[in-house]
Amino acid sequence: MPSPNEAVAALLREYSELLGLTGGDQFRVRSYEKAARAVGGYPEDLGALPESALTRVPGVGSSVAAKIAEYRRTGTIKAVDDLRAKVPPGALVLSKVPGVGPKRALQIVGELGITSVGELDEAVRGGRLRGMPGFGPKSEERILRGIAIAASDAALREALGSLAPDATADEICAVLAAHLATPGAGESGPGHGLIRAEDLRGDLHTHTDLTDGTVSLEGMIAAAGARGYEYYAVTDHAPNLVMQRMTDEKVLVQRDQLRALADSTGMVLLHGSELNIAPDGSVDWDEDFLGGFDITVASVHSSFEQDQATMTKRFTVAAQNPRVNIIGHPLTRRIGRRPPVQVDLDALYAACARTGTALEINASPHRMDLPPEHIAAARDAGVKFAIDTDAHSLADLTNVRYGVAAARFGGLTPDDVINCWPLERLLEFLSKS
DNA sequence: GCCGTTTTCGGCCCGACTGTTTTCAGTCG
């Protein structure tokens with residue numbers, strides 16, 4: 001059962017998508033999308049907030065605030081209903097199939113009369129998309145892959161999505177156990193010495209509004225401090241993810257701001273970055289510049305479809321980088337949306353264990369990556385882990401429960417997880433010496 | 001539609017990849 005904030009966020013997101021489908025101004029589309037993310041990630045119940053205070057949510061101005069207020073009064077937003085009526089049935093759901101965007105969805109609905117993903121699947125297999133401008137064999141493959149991953153992940157996604165907003169790690173772990181094959185290794189036995197949420201001393205992968213987070217540096221740090229963490233890393237995106245518009249100058253200014261906040265918090269603040277692993281395994285900055293960071297997370301954000309040998313080499317090069325500490329969301333899957341990349345897992349584990357590079361257990365319920373079913377084997381190969389929220393909002397910080405659930409499913413103890421360690425041991429690990 | 005050390009306008013999420021492209025539109029992160 002989603003929270004009230006999620007319900008409003010879903011309507012704002014739908015409005016944004018409908019605006020996109022109807023050719024609305026792209027900046028308006030983005031405004032609603034941003035507002036949806038901000039509302040969904042807002043830690044207080046919007047239903048309890050005074051109406052005049054709604055615009056305090058970053059990204060919510062007078063127009064969105066009025067729509068939220070309308071939802072609170074009536075349970076609906078008329079503008080959303082009106083726009084729904086203007087969009088051909090099926091176009092919205094088709095536009096979310098990977099490889100099909102708004103333009104192609106409208107084209108498919110208009111020319112073929114298709115209104116569901118099932119019909120799209122049949123049409124592709126029947127060759128009915130052939131001959132439509134812009135569609136070739138690659139498009140067909142991609143669409144079929146997208147439909148397949150949605151189907152294969154549907155049960156897990158639905159089960160995770162139907163959990164209560166305050167579900168515990170044990171409740172989440174039960175969902176994992178019901179939907180995933182049980183890992184082979186179980187010598188620690190259920191419950192004995194397994195990691196608990198309270199064992200985590202910090203979060204090592206988080207964002208701010210300097211890149212695509214919704215909350216300021218100060219806001220994120222204050223919220224992390226309230227969670228009782230001993231240390232906390234800020235790891236905004238790096239320049240090669242161009243849309244994030246990160247620069248050397250910006251990240252250095254942020255570093256100064258973070259250092260200046262050190263005295264205002266009981267936590268040790270770590271300045272980091274989420275680097276982009278390029279197709280050849282290199283990352284955004286040279287070793288000298290990277291040396292200025294306390295910690296780095298390196299993630300794949302492009303060229304997901306490399307063959308296994310190339311992808312394995314790519315990860316190995318990244319892990320061997322003396323300035324890369326954590327491989328972020330290693331298989332880059334998004335549950336129901338994007339399949340895992342093809343990589344030789346044994347080679348990946350070996351490279352991480354050999355180089356002292358942690359594999360991330362990304363706690364976002366949309367990712368769950370490293371996938372829980374792989375964790376035990378990675379541990380057996382000598383890999384250490386970082387359980388990170390990859391938070392883009394205040395509410396995201398509470399997602400650690402999902403990472404802890406995955407770690408428990410994989411049989412991990414606090415000794416396996418670097419952000420359960422005392423600061424000194426963590427810093428030693430980060431030095432890769 | 002939101003926002004402001006540029007404050008009521010003007011900028012904001014850019015560029016790589018891909019297909020079947022004939023000079024570019026659509027999608028994605």
Donor + acceptor pair across side chains of A/His205, A/Glu274 (<3.5 Å): yes

Integer angstrom distance from the C1' of B/dA16 to that of B/dT21: 16 Å

Pairwise C1' distance for B/dT7 and B/dC2, with rounding to whole Å: 13 Å

Short side-chain donor-acceptor distance under 3.5 Å, A/His366 and A/Arg334: no

Strand contacts (DNA chain B) in residues 325-342 of chain A, 4.0 angstrom heavy-atom criterion: A/Arg338

Atom P, compared across B/dC14 and B/dT20: separation rounded to whole Å: 28 Å

Separation of the P atoms in B/dG10 and B/dC17, to the nearest angstrom: 36 Å

Pair A/Lys86 + A/Asp82: basic N to acidic O under 4.0 Å: no

Between the protein and nucleotides 16-20 of chain B, are there any N/O to N/O pairs under 3.5 Å, and if so, what are the atom names and distances?
unit_1 : atom_1 : unit_2   : atom_2 : d
B/dG19 : OP1    : A/Lys138 : NZ     : 3.3
B/dT20 : OP1    : A/Phe135 : N      : 3.2
B/dT20 : OP1    : A/Phe135 : O      : 2.4
B/dT20 : OP1    : A/Gly136 : N      : 2.4

Separation between the P atoms of B/dT22 and B/dC13, rounded to whole Å: 33 Å

Give me, pair by pair, the N or O atoms of the protein and of nucleotides 2-8 of chain B that are less than 3.5 Å apart, along with how far apart they are.
unit_1 : atom_1 : unit_2  : atom_2 : d
B/dC2  : OP1    : A/Gly61 : N      : 2.7
B/dC2  : OP1    : A/Gly61 : O      : 3.3
B/dC2  : OP1    : A/Val64 : N      : 3.1
B/dC2  : OP2    : A/Ser63 : N      : 3.4
B/dC3  : OP1    : A/Gly59 : N      : 2.8

N or O in side chain of A/Arg245 less than 4.0 angstrom from B/dC14 OP1/OP2: yes

Short N-O contact, A/Glu305 and A/Arg145, less than 4.0 angstrom: yes

B/dT6 and B/dC12, which share atom name P, separated by this distance in whole Å: 14 Å

Earlier contact from the 5' end, DNA chain B, for A/Ala105 and A/Gln244: A/Gln244

Pairing partner of B/dG11 (Watson-Crick or G-U wobble, both distances under 3.5 Å): B/dC2

